[in-house]
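Beneath this line is the structure, given in structure tokens, with notes to follow.
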Amino acid sequence: MANFEDTLTQMTKPEVPELKHKNILANAIIRTKSKSAVSWWWISVPLYVICAFVMKSLYMPHATLASNLKALASKDKYAAFLFFLTVPLVLIVVNVFSIKEIYFLSGSPRTIRFFKTISGNVSLIVLSVIIIIIFLFT
Amino acid sequence: MSEIELLDRIKNNPSEFSELFHLYHKPIFGYIFRRTGNFDDTADLAAETFFKAFAHIKDFSYRSVSIKVWLYRIATNEVNLYFRHKQKHNTLFAKTGIENEEPFNRYLLEDKQELEAEYEKHEQFIKVLEHLKTLPLKYQEVISLKYFEEKENKEIAEILNMNEGTLKSRLSRGLEKLRIKCNQI
């Protein structure tokens, strides 16, 4: 085993010369804008659904948020199941993975700046949980 | 200039990232190349590594790990993803559009020719790498960092985010597996 270790240590390895393409690449990386990990469109969709229900509850006589949800759930079971359970669950999973990736790529920080960065993901998770709770308990 | 000062400068002025790039591009490129043995994939993966580092450096905290360790972590992750999926993704070269720029293509081709000529000189390394690539990724990464990059156990443990005890046992098991494969030549 020691011999094999010596072989690995002593064998010659390819060395990288000064690379000519790296100067152009460095500038290109700095010029390229990174895409946000979470698009705000993802938040706007569930927000829109919630707002629609809240507005209807506020402005329609005798209608409450709970009664509106119940009406939708009884009228179209599959749509209610999709919008209020499947989509929020998918959003929670996607955002948990996204936070995990950002945490890894940022060098595992525990700073306020990091928490600001993931605030979009956290909002989406909270929103999804609220939607699931409303759906399951009304 | 220390890494902390450089980090502060980059956070204040992102264009200072080029300094970090020039400091670490060669070792990171070398590490990826000595794991994949392929110039084109290495160029893609190294570019992706630095792009991800640039995108997340504003959140990077020096208290957790050094910049060098952080870059090796991202590079290791990129290489592991590459081995898992073995598929060409939408490369940074395509995203930035530089693959169509004439001087860039010419430089890339010249670098490729030079590095491939250098690679061919190390027959024993090529054979070992071919066998290493058949081992599970957890052994590939420790052996590569220890024997190809000549890193200390402490630094490898930091890069792979594991304790030194686990690293030693993984190295020992990986070495045994690699030795058996190499003896079958």
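It should be emphasised that the depicted structure is a prediction, and the values quoted were computed from it without experimental measurement. Proteins get letters first, then strands, A, B, ... in listed order; numbering begins at 1 in each.
In terms of non-hydrogen atom pairs under 4.5 Å with chain B, the most contact-rich of A/Leu8, A/Val16, A/Leu105 is A/Leu105. Contact count versus chain A (heavy atoms, under 4.5 Å) is highest, among B/Tyr119, B/Phe50, B/Phe60, for B/Phe60. For the options B/Arg34, B/Lys52, B/Glu110, heavy-atom pairs under 4.5 Å to chain A are most numerous at B/Arg34.
Taking the six-membered ring wherever Trp is involved, the centroid distance between the rings of B/Phe33 and B/Phe39 does not fall below 6.0 Å. The aromatic ring centres of A/Phe81 and A/Phe135 sit 6.0 Å or more apart.
With a 4.5 angstrom heavy-atom cutoff, B/Gln124 touches chain A via backbone and side-chain atoms both. Of the atoms belonging to B/Glu150, it is side-chain heavy atoms, and not backbone ones, that fall under 4.5 Å from chain A. Of the atoms belonging to B/Pro103, heavy atoms from both backbone and side chain fall under 4.5 Å from chain A. In this structure, chain A has heavy atoms under 4.5 Å from both the backbone and the side chain of B/Leu178. Interface remark: A/Gln10 contributes no atoms to any contact with chain B (heavy atom separation under 4.5 Å). Only the side chain of B/Phe54 comes within less than 4.5 Å of a heavy atom in chain A; its backbone stays farther off. Heavy atoms of A/Asn27 lying under 4.5 Å from chain B are absent altogether.
B/Ser144 meets the side chain to side chain donor-acceptor pair (under 3.5 Å) test with no other residue; sequence neighbours excluded.
B/Phe29 is not listed as a side-chain neighbour of A/Lys22, based on a closest heavy-atom distance of 4.5 Å or more.
Atom CG of B/Leu45 is separated from atom CD1 of B/Ile74 by 13.0 Å, given to the nearest 0.5 angstrom. Interatomic distance, B/Asp41 CG to B/Tyr82 OH, rounded to the nearest 0.5 Å: 3.5 Å.
Note on B/Glu19 versus B/Arg9: salt bridge recorded, some NZ/NE/NH1/NH2 to OD/OE distance being below 4.0 Å.
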